[in-house]
Amino acid sequence: MRFVVGSDDEGEVLDAAVDQLRRAGHDVEIFERGQWPYVASRVARAVVSGEADQGVLFCWTGTGTSMAANRVPGVRAALVWEPWIAEGARRWNDANVLVMSLKRTDPETARAIVDAWLSVEAPDPDELENIAQLD
């Protein structure tokens, strides 16, 4: 799977998540850092256009990049702070952009979040009607 990653800053959380994606065998492109609205929009547009299968975003809280990414039609960005939320966002919401806080997520948790995100191959068929309503 091809992932695009964007952040407005650097740090151990970003590095841990990217490393975990690559260890799992995924192709990862890290976009140049920039202001959070721009970075989020760029990742979101890459996912919607098919340039990438999924995206990962980071900012200080994760809130700003979540809001900016979700402004792009077709994006379902989920702000995640624990692994079970990552799994649920993929399973029940078919989230296609994972968002984490650079400030409140530690590297070990970021790795576990990525693993949980990747553990779901397809959304729950019982939720497809609900997911379709997001469009």
Side-chain angles (χ1 to χ4, degrees):
M1 196 174 332
R2 180 167 164 71
F3 283 84
V4 289
V5 177
S7 182
D8 66 349
D9 205 351
E10 54 191 31
E12 293 178 352
V13 174
L14 169 70
D15 296 341
V18 167
D19 181 58
Q20 200 68 10
L21 287 168
R22 288 183 173 149
R23 283 184 187 192
H26 299 285
D27 181 25
V28 180
E29 179 181 357
I30 303 171
F31 288 162
E32 184 177 339
R33 281 187 303 149
Q35 294 180 333
W36 59 264
Y38 172 76
V39 169
S41 176
R42 184 160 181 228
V43 166
R45 286 183 282 114
V47 170
V48 170
S49 73
E51 178 185 335
D53 299 302
Q54 295 185 7
V56 184
L57 284 167
F58 301 88
C59 69
W60 197 247
T61 65
T63 306
T65 51
S66 295
M67 292 189 304
N70 279 322
R71 303 267 310 160
V72 176
V75 167
R76 293 174 304 280
L79 176 55
V80 173
W81 57 95
E82 291 185 7
W84 72 271
I85 296 168
E87 182 180 344
R90 290 284 304 129
R91 184 174 317 283
W92 299 311
N93 311 120
D94 195 23
N96 53 11
V97 176
L98 169 62
V99 185
M100 287 185 263
S101 165
L102 289 169
K103 174 71 173 166
R104 292 293 184 188
T105 310
D106 62 78
E108 182 178 322
T109 302
R111 286 185 192 91
I113 286 170
V114 167
D115 286 344
W117 182 270
L118 295 174
S119 74
V120 179
E121 293 181 22
D124 181 341
D126 292 338
E127 292 297 325
L128 294 178
E129 186 177 328
N130 290 329
I131 294 164
Q133 290 182 42
L134 295 174
D135 291 334

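When a residue number appears, it is its place in the shown sequence, counting from 1.
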Hey, does Leu128 have a side-chain heavy atom less than 4.5 Å from the side chain of Pro123? yes
Around atom CZ of Phe31, are there more than 12 heavy atoms of other residues, nucleotides or ligands at under 6.0 Å? yes
Any salt bridge (Lys or Arg N to Asp or Glu O under 4.0 Å) pairs touching residues 26-43, not counting sequence neighbours? Arg2-Asp27, Arg2-Glu29, Asp9-Arg33, Glu10-Arg33
Looking at every non-hydrogen atom in both residues, tell me the closest pair between Ala110 and Thr105 and how far apart they are. N-CG2, 3.9 Å
Check the hydrophobic clustering (I, L, V, M, F, W, Y; side-chain heavy atoms under 4.5 Å; chains of links allowed) and say if Ile30 and Val56 are grouped together. yes
Value for CE (Met100) from CG (Asp106), rounded to nearest 0.5 Å, stands at 11.0 Å
Just wondering, more than 12 heavy atoms not from Arg104 lying within 6.0 Å of its CZ? no
To the nearest 0.5 Å, tell me how far Leu21 CG sits from Arg23 CZ. 11.5 Å
Nearest-0.5 Å distance that lies between atom CG in Asp8 and atom OH in Tyr38: 13.5 Å
Under the 3.5 angstrom rule, does the side chain of Ser7 hit a backbone N or O of Cys59 as a donor-acceptor pair? no
With distance as the sole test, does Ser49 use its side chain to make a donor-acceptor pair with the main-chain N or O of Arg45 at under 3.5 Å? yes
Pair listing, salt bridge (Lys or Arg N to Asp or Glu O under 4.0 Å) test, anchored in residues 65-94, at least two apart: Arg76-Asp94, Glu87-Arg91, Arg90-Asp94
Do Val120 and Trp84 sit in one hydrophobic cluster, given that two such residues count as connected whenever their side-chain heavy atoms are within less than 4.5 Å of each other, even indirectly? no
Look only at the side chain of Ser66 and the backbone of Gly62, and say whether a donor-acceptor pair between them is shorter than 3.5 Å. yes
Just how far is it from atom CD of Gln54 to atom CG of Leu98, taken to the nearest 0.5 Å? 8.5 Å
With Ala86, which residues qualify under side-chain contact (heavy atoms from CB on, under 4.5 Å), at least two apart? Val80, Ile113, Ala116, Trp117
Qualifying salt bridge (Lys or Arg N to Asp or Glu O under 4.0 Å) pairs with a residue from residues 48-66, counting only residues at least two apart or across chains: none
Who passes side-chain contact (heavy atoms from CB on, under 4.5 Å) against Glu127, sequence neighbours left out? Trp92, Asp124, Asn130, Ile131
Between CG of Leu79 and CG of Leu57, what distance do you get to the nearest 0.5 Å? 10.5 Å
For Ala78 and Ala89, work out which heavy atoms get closest and say how close. CB-CB, 3.6 Å
Which residues satisfy the side-chain contact (heavy atoms from CB on, under 4.5 Å) test with Asp15, sequence neighbours excluded? none
Do you know the tightest heavy-atom contact between Ala46 and Val4? CB-CG2, 4.0 Å
Establish whether Trp60 and Trp81 are linked, either directly or via other cluster members, by ILVMFWY side-chain heavy-atom contacts under 4.5 Å. no
For the student: nearest non-hydrogen atoms of Ala69 and Ala44, plus distance: O-CB, 3.8 Å
When every non-hydrogen atom of Gly55 is compared with those of Val43, the smallest separation belongs to CA-CG1, 3.8 Å
Could you state whether Val28 and Val114 fall into the same hydrophobic cluster, counting links through intermediate Ile, Leu, Val, Met, Phe, Trp or Tyr residues with side-chain heavy atoms under 4.5 angstrom apart? yes
Quick check: is Val99 connected to Trp36 through a chain of hydrophobic side chains (ILVMFWY, heavy atoms under 4.5 Å apart)? no
Starting at CG of Leu118, measure out to CE of Met1 and round the result to the nearest 0.5 Å. 6.5 Å
